[in-house]
Amino acid sequence: MSSFEEADTEETVTCLQITVFYSGPLQSGPFQSIKLGMREKLPSSEVVKFGRNSNICHYTFQDKQVSRVQFSLQLFKMFNSSVLSFEIKNMSKKTSLIVGNKELGYLNKTDLPARCMVRFGDYQLLMEKEDGESLEWFETQFILSPRSLVQENNWPPQRPIPESGHYLPYSTQNMSPTEIDENESWIEG
């Protein structure tokens with residue numbers, strides 16, 4: 001038998017591709033600690049933290065506006081499923097994390113869809129998952145986008161986050177009371 005025949009069968013690995021955009025000033029570059037364009041292999045049991053504290057976080061943002069630990073990702077396998085999924089958790093006490101159109105407050109978590117926009121502060125992260133067979137490992141890959149991901153991918157525009165740090169799920173602008181005669185019926189179109 002040749003060594004080719006005796007070699008272990010290669011498994012594909014789940015990969016989370018993260019395209020990042022920062023709308024603030026890029027003086028020093030908030031992504032200088034992240035290896036852009038390269039795939040990094042991590043054990044599936046690891047909770048991956050993102051933030052500015054390099055002692056705690058696997059991926060650090062060089063920005064004082066980012067929390068020490070902004071958010072975390074953890075892998076899990078859904079019941080009766082063979083593929084890995086990600087769960088995202090907001091670890092920031094000061095800033096809400098917007099996942100798709102959901103606002104996650106401090107310690108709130110949700111399943112990460114296969115393709116999803118994650119936003120906080122001046123950051124936009126487009127997360128796209130490629131399924132793999134391995135349950136032992138997963139990979140991450142960061143790509144820097146020169147343009148707004150919200151505009152480029154036709155995502156709903158990011159609503160302003162007020163100083164309280166909480167996202168408003170709907171706009172209160174142009175919402176004035178409507179007077180209806182008691183004999184009229186209100187019909188939404």
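Scope of the values below: all heavy atoms of this structure, side chains included, with no hydrogens, waters or symmetry mates.
- E130 and T14 form no side-chain donor-acceptor contact under 3.5 Å, judged by distance and modelled atom types alone.
- Annotation: the span from L112 atom CG to S85 atom OG amounts to 9.0 Å, rounded to 0.5 Å.
- One finds the OG atom of S54 at 13.5 Å from the CZ atom of F61 (value rounded to the nearest 0.5 Å).
- The backbone N or O of V13 lies less than 3.5 Å from no partner atom in the side chain of S134, so there is not a single donor-acceptor pair.
- A donor-acceptor contact shorter than 3.5 Å is absent between the side chain of S92 and the backbone of S67.
- Within the model, atoms CD of E87 and CZ of F76 stand 6.0 Å from one another, a figure rounded to the nearest 0.5 Å.
- L125 has its side chain within reach of Y123: a pair of non-hydrogen atoms, C-beta onward, lies under 4.5 Å apart.
- Judged by distance alone, the side chains of T110 and K102 do bring a donor and an acceptor atom under 3.5 Å apart.
- For the pair Q124 (side chain) and L149 (backbone), a donor-acceptor distance under 3.5 Å is present.
- Residues V69 and L42 do not share a hydrophobic cluster, clusters being chains of Ile/Leu/Val/Met/Phe/Trp/Tyr side chains in contact below 4.5 Å.
- In this structure, M127 CE and Q17 CD are separated by 11.5 Å, a value rounded to the nearest 0.5 Å.
- For the atom pair CG of L104 and OG1 of T95, the computed distance is 12.5 Å after rounding to the nearest 0.5 Å.
- Taking the centre of each ring, F86 and F138 come in below the 6.0 Å mark.
- F71 CZ to N90 CG: the interatomic distance, rounded to the nearest 0.5 Å, is 9.5 Å.
- When all heavy atoms of C116 and V99 are compared, the closest pair comes out as SG-CG1, 3.5 Å.
- The heavy-atom pair separating R52 from C57 by the smallest distance is N-SG, 4.4 Å.
- Residues E103 and S96 have side chains that bring a donor and an acceptor to within less than 3.5 angstrom of each other.
- Shown are Q141, H58, K35; of these, the side chain to side chain donor-acceptor pair (under 3.5 Å) with E40 is made only by H58.
- Of all heavy-atom pairs spanning P30 and D63, the tightest one is CB-CB, 4.3 Å.
- Checking side-chain atoms of T12 against main-chain N and O of E133 turns up a donor-acceptor pair under 3.5 Å.
- Aromatic rings from Y59 and F142 are positioned such that their centres are separated by under 6.0 Å.
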